[in-house]
Amino acid sequence: MTTMTADQIQSIEERFPHVFRRPLHQRFRPLLLLGGTVVYLLYALWFFNLPQVIRESHWERLPLFLTQWISYDVQPIFRLDEPQITAKYPRFSVLGPDPHPDWVRTNADGSVTILIDGAAKSVTFNKMQATIIANGETVPVALDTGKPLISGPVPGWITAHEDEVVADMGFAGEVRVAADRVKIRKRFLGWANFVFDTRSPFFGKSAGEVASLIVSGPELKPGTSNLALAGDNIWNNAQWQHGDVWTKLLQTIVMAFLGTALGGIVAFPLAFFAARNITPSRLVNQVLKRFFDFMRSIDMLIWALFFTRAFGPGPLAGSAAIFFTEIGTLGKTYSEALENIDDKPREGVVSTGANGLLVQRYGVLPEVIPVFISQTLYQWESNTRGATIIGAVGAGGIGLKLWEAMRTNSNWANVFYMVLLTLVVVFVFDNISNFLRRRLSRTIHDYNRLQAEQE
């Protein structure tokens with residue numbers, strides 16, 4: 001083992017001062033970065049007042065919203081102040097115009113039993129008393145005193161108000177008992193009437209019955225085949241509006257494709273004038289680059305607001321918003337790709353005496369076209385998602401449909417349906433884009449290999 005003298009150590013320190021005598025800010029840079037990050041996070045915590053937001057948020061609504069995405073409920077009301085106890089369903093009940101569900105039973109003594117979750121959770125009532133069963137407990141509620149009264153201890157799943165007793169039965173539903181009525185909320189998994197709505201002659205029939213009617217049954221509507229009638233009923237389903245939703249989804253796809261394609265067509269020639277190594281005029285370069293910056297700096301959503309005022313709501317406004325945004329985005333991407341090319345192929349073409357157009361065609365395009373196509377495909381995929389968002393401000397497409405369903409605060413199953421459709425479309429286009437990019441990369445690789453072999 002060789003030991004170094006003090007002079008040798010000093011000599012090394014003098015030769016490499018950037019290692020042994022680093023400035024103070026360099027030595028403590030990691031610590032400063034960590035401290036700055038912590039300070040920024042604390043500032044963000046204070047600026048957005050996150051503790052108060054978290055404390056005052058209605059977290060109890062989250063499970064309700066999530067269950068409404070994958071389920072539906074039926075809410076009949078049973079009047080006790082009428083001669084006979086009868087069920088009254090909402091005007092547009094998912095059970096149809098004359099519902100007689102098997103979970104509503106009229107007993108021999110005139111009382112009514114509602115099976116909320118089988119016999120384990122139910123309520124039986126007449127005009128004098130209601131008996132609520134859930135969680136292994138039976139709770140009698142007297143109704144003959146003018147207001148509901150519970151004799152004995154009140155379980156935790158029951159809330160007793162002055163004029164109403166509310167029994168929470170979890171996901172299965174809820175029972176509200178008052179002196180003059182009993183209101184039921186029974187929840188079911190799935191999407192009600194997703195295929196046929198209550199107006200359809202196929203409503204309430206099993207899949208086998210529907211198939212039999214389509215194949216060999218008598219015409220349900222004279223002059224129209226049962227197959228055509230079934231297709232029309234599905235497309236014009238009033239509850240789920242499949243026809244309108246799918247039309248709006250197609251509008252979204254067309255908006256994304258048209259806006260991206262037109263943006264690429266316009267950005268392509270402008271990028272050659274914006275690239276410093278292609279166009280020597282600095283004034284032209286800077287004007288076009290600032291133009292690209294301007295087009296990109298205004299978000300697609302803002303462009304959509306402008307064009308909905310100009311053209312009115314519809315897909316034309318959405319296509320124009322994507323078109324204007326893509327001029328800036330693709331123009332910048334294309335021009336930067338041109339500025340980073342290898343000049344040797346271009347110099348070789350110039351040495352043959354070719355004119356300017358031929359130089360760009362054979363000396364520049366083969367090098368940048370793969371980048372152009374790849375970036376355009378990526379923007380097309382991204383704009384498919386963006387077109388959904390700008391639709392919410394009236395720029396057409398499924399975004400507007402989605403916003404309308406969310407504003408009702410009740411059609412969460414419809415919202416989930418449209419979200420799933422959007423996810424499927426984005427997934428499909430993402431895979432198409434990846435496939436095309438892979439094929440393009442493989443084609444370029446094979447072309448370069450053949451060129452190398454020929455040389």
Side-chain angles (χ1 to χ4, degrees), residues 53-54 56-75 89-96 170-174 185-200 203 233-256 299-301 304-305 308 313-315 317-319 321-322 381-430:
V53 171
I54 294 173
E56 296 180 356
S57 297
H58 297 280
W59 298 105
E60 72 281 358
R61 297 179 183 175
L62 180 61
L64 177 61
F65 286 157
L66 292 178
T67 56
Q68 288 178 345
W69 280 41
I70 58 172
S71 64
Y72 65 97
D73 57 34
V74 180
Q75 300 185 25
Y89 293 86
R91 181 180 177 186
F92 300 105
S93 172
V94 297
L95 300 180
F171 179 82
E174 181 185 76
R185 180 172 61 81
K186 182 174 172 62
R187 185 167 294 280
F188 300 85
L189 272 174
W191 291 343
N193 309 333
F194 184 74
V195 180
F196 300 109
D197 62 21
T198 57
R199 305 174 306 167
S200 171
F203 172 75
N233 289 168
I234 294 172
W235 187 258
N236 295 304
N237 186 311
Q239 186 172 342
W240 290 92
Q241 303 177 11
H242 297 300
D244 196 26
V245 168
W246 282 88
T247 300
K248 294 295 192 296
L249 184 63
L250 181 61
Q251 282 184 359
T252 300
I253 296 171
V254 172
M255 282 162 49
D299 190 80
M300 189 188 302
L301 189 64
L305 291 172
T308 50
S319 299
I322 296 173
E381 168 199 328
S382 177
N383 288 332
T384 304
R385 298 188 295 270
T388 303
I389 298 172
I390 64 176
V393 298
I398 200 171
L400 182 58
K401 238 7 225 184
L402 188 63
W403 175 242
E404 289 172 352
M406 293 180 69
R407 289 183 63 185
T408 64
N409 205 28
S410 59
N411 293 334
W412 292 107
N414 297 64
V415 171
F416 191 34
Y417 169 48
M418 286 181 273
V419 167
L420 283 179
L421 286 178
T422 305
L423 287 175
V424 169
V425 168
V426 170
F427 174 77
V428 169
F429 278 87
D430 177 60

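Keep in mind that this is a model prediction, so the values were computed, not measured. Excluded from the calculations below are hydrogen atoms, water molecules and symmetry mates; all remaining heavy atoms, backbone and side chain alike, are included.
- For the pair Val425 and Thr252, the minimum side-chain heavy-atom distance is 4.5 Å or more.
- Around CH2 of Trp403, the count of heavy atoms belonging to other residues, nucleotides or ligands within 6.0 Å does not exceed 12.
- Within 6.0 Å of CH2 on Trp246 lie no more than 12 heavy atoms contributed by other residues, nucleotides or ligands.
- To the nearest 0.5 Å, atoms CD1 (Ile322) and CD1 (Ile390) are separated by 4.0 Å.
- One distance of note links CG of Leu249 with CD1 of Ile398; it measures 4.5 Å at 0.5 Å rounding.
- Taking the side chain as every heavy atom from C-beta outward, Asn383 and Met300 approach each other to under 4.5 Å.
- Among residues two or more places apart in sequence or in another chain, the side chain to side chain donor-acceptor pair (under 3.5 Å) test is passed with Asn237 by none.
- Note that CG of Asn411 is 11.5 Å distant from CG of Leu402, once rounded to the nearest 0.5 Å.
- The structure places CD of Gln241 at 8.0 Å from CE of Met418, a figure rounded to the nearest 0.5 Å.
- Counting heavy atoms from C-beta on, the side chains of Phe429 and Arg385 never come closer than 4.5 Å.
- Closest approach of Gly397 to Gln251, counting heavy atoms only: N-OE1, 3.2 Å.
- Side-chain contact between Val74 and Tyr89 is present, with heavy atoms from C-beta onward closer than 4.5 Å.
- Every residue meeting the side chain to side chain donor-acceptor pair (under 3.5 Å) condition with Asp197, not counting sequence neighbours, appears here in chain and number order: Arg199.
- Nearest approach of Gly190 to Tyr72, heavy atoms of both residues: O-CD2, 3.4 Å.
- In this structure, the side chain to side chain donor-acceptor pair (under 3.5 Å) partners of Ser71, at least two apart in sequence or on a different chain, are Arg187.
- We find the CE-OG1 distance between Met255 and Thr384 to be 10.0 Å, quoted to the nearest 0.5 Å.
- The nearest pair of heavy atoms linking Ala395 to Ala304 is CB-CB, 4.1 Å.
- Summarising the local packing, CZ of Phe427 is surrounded by 12 or fewer heavy atoms from other residues, nucleotides or ligands at distances under 6.0 Å.
- Relative orientation of the Trp69 and Phe416 rings is tilted, given thresholds of 30° and 60° on the angle between their planes.
- The backbone N or O of Arg185 sits nowhere less than 3.5 Å from a side-chain atom of Asp73 that would complete a donor-acceptor pair.
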Fill in: Derivation of the side-chain contact (heavy atoms from CB on, under 4.5 Å) call for Phe196 and Ile234
CA-CA 6 Å; Phe196 300 109; Ile234 294 172; 3.7 Å; yes
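- Classification of the His242-Trp240 ring pair by plane angle, with boundaries at 30° and 60°, yields parallel.
- Taking 4.5 Å as the limit, every side-chain heavy atom of Thr198 sits out of range of all side-chain heavy atoms of Val94.
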